[in-house]
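So the structure is just underneath, and the comments pick up after that.
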Number of protein chains: 2
Amino acid sequence: MEVIDYAYLESILNKKNLKVTPQRLHILSLIKQFGHMDIDELYLQIKKNYPYMSLATIYKNISVMVENGILNEIKIAQQKTKYELLADFHAHFICTNCKKIEDLDIDISCILKGFDQASVQSVQLQIYGICNACQKKKNLI
Amino acid sequence: MEVIDYAYLESILNKKNLKVTPQRLHILSLIKQFGHMDIDELYLQIKKNYPYMSLATIYKNISVMVENGILNEIKIAQQKTKYELLADFHAHFICTNCKKIEDLDIDISCILKGFDQASVQSVQLQIYGICNACQKKKNLI
DNA sequence: TCAATTTTAATAAATATTATCAAAAAATAA
DNA sequence: TTATTTTTTGATAATATTTATTAAAATTGA
């Protein structure tokens, strides 16, 4: 059970001049805890502790936080859009079997060589495949 | 004006045991012509020549052709999902200003080094930035 | 505490996608 | 060619998803 550093989450909102509300802190803490979440997963988790929170509030806050560069939007084939806390660049490995998403620290300087620094704003790199856990399971069959 | 090779499009469908219909050929020819299209763009173009074609038919065929590996689904931040003919790997450059999508021939062997060949099924690489045309326009202001 | 501003919840409205099914079309066999 | 089987289409209903609206509540700074 991870201890949530709410002061840190508050500072993220303050930096962007977004008001600190329990709803926003709860959304952020869940995303921090789970790593990558889509709207439905968020709504499901949130209903456990904040049964009154409106789905519209989640949609609104997610989009505000994406616009303000607090959250990163990850669009994945055959899945709902996922959100994660914005962090240093990393790629994602997506298991097409169990749907799990893993962060990958990959150096992408080799593919950005030819590009003008100023013209590149961000990079999304997704590698689809079968994760180790699923691979093992398959071998047992 | 590109000449469409319908025999080639038919062979694509035949290989996957999908029946050849005017609707499917038209969808494929448009995607071949435009490169990357979303459902709305397709519907708009299709209405010009096949005003009677149902939106449901487009949705159905797109998903059938994605499932059969004829089309590739490209999910892009802040945009509707785009579809392209499946081809050899290439990355996409997405201009965040004019929304244009460019194919990029980038060698990604350098980032796949650490991976077990068997565990990787596909890779999506998207580079977001400002395209040359938009860069020039900005300099003029 | 008070006032200005933002955010929330509830819900309506708008969009987007999928399911249903009878009729039409395509492929295959006779 | 024609008949038969199977698939696909179009229309539309049903779902699902997302955005807009607005009064009430909460947050922030003075």
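The chains referred to below are lettered A, B, ... by the order of the sequence lines, with proteins before strands, and numbering in each begins at 1.
Of the candidate nucleotides dA16(C), dA9(C), dG10(D), dA9(C) has the atom lying nearest to any side-chain atom of Gln23(A). Closest to the Leu55(A) side chain, of the nucleotides dT18(D), dA19(C), dT8(C), is dT18(D).
The two atoms that bring Val64(B) and Asn68(B) nearest to each other are O-ND2, 2.8 Å, heavy atoms only.
His36(A) and Gln79(A) form no side-chain donor-acceptor contact under 3.5 Å, judged by distance and modelled atom types alone.
In this structure, Asp40(A) atom CG and dT15(D) atom P are separated by 17 Å, rounded to whole Å. In this structure, Tyr59(B) places its OH atom 18 Å from P of dA13(D), rounding to the nearest Å. Atom pair Asp38(B):CG and dT15(C):P shows a separation of 15 Å (rounding to whole Å applied). As a whole-Å value, the separation of Lys47(B) NZ from dA11(D) P is 12 Å. Rounded to whole Å, atom C1' of dA24(C) lies 12 Å from atom OH of Tyr52(B). In this structure, the CG atom of Asn68(A) is 13 Å from the P atom of dT6(C), given to the nearest Å. Rounded to whole angstrom, the span from the CD1 atom of Ile58(B) across to the C1' atom of dT15(C) amounts to 16 Å. Distance Tyr43(A) OH to dA16(D) P: 14 Å, rounded to the nearest Å.
Mapping Pro22(B) and Leu18(A) onto DNA chain D via the closest heavy atom, the residue that lands nearer the 5' end is Pro22(B).
Thr21(B) comes within 4.0 angstrom of sugar-phosphate atoms only, judged by non-hydrogen atoms across all strands, and of no base. Counting any heavy atom pair closer than 4.0 Å across all strands shown, Lys60(B) reaches no nucleic acid atom.
Taking only side-chain nitrogens and oxygens, Lys80(B) comes nearer than 4.0 Å to OP1 or OP2 of dT17(C). Phosphate contact (OP1/OP2 of dT5(C), side-chain N/O of Asn17(A), threshold under 4.0 Å): absent. At dT8(C), none of the side-chain N or O atoms of Ser54(A) fall inside 4.0 Å of OP1 or OP2 (strictly under the cut-off).
A distance below 2.5 Å between sulfur gamma atoms is not met by Cys95(A) and Cys131(A).
When Ile12(B), Asn14(B), Leu9(B) are each tested for a side chain to side chain contact (heavy atoms under 4.5 Å, CB included) with Val20(B), only one passes: Asn14(B).
With ring centers used as reference points, Tyr6(A) lies 6.0 Å or more from Tyr8(A).
For dT7(D), the base has no donor-acceptor partner in the side chain of Lys19(B) [N/O atoms by modelled type, under 3.5 angstrom].
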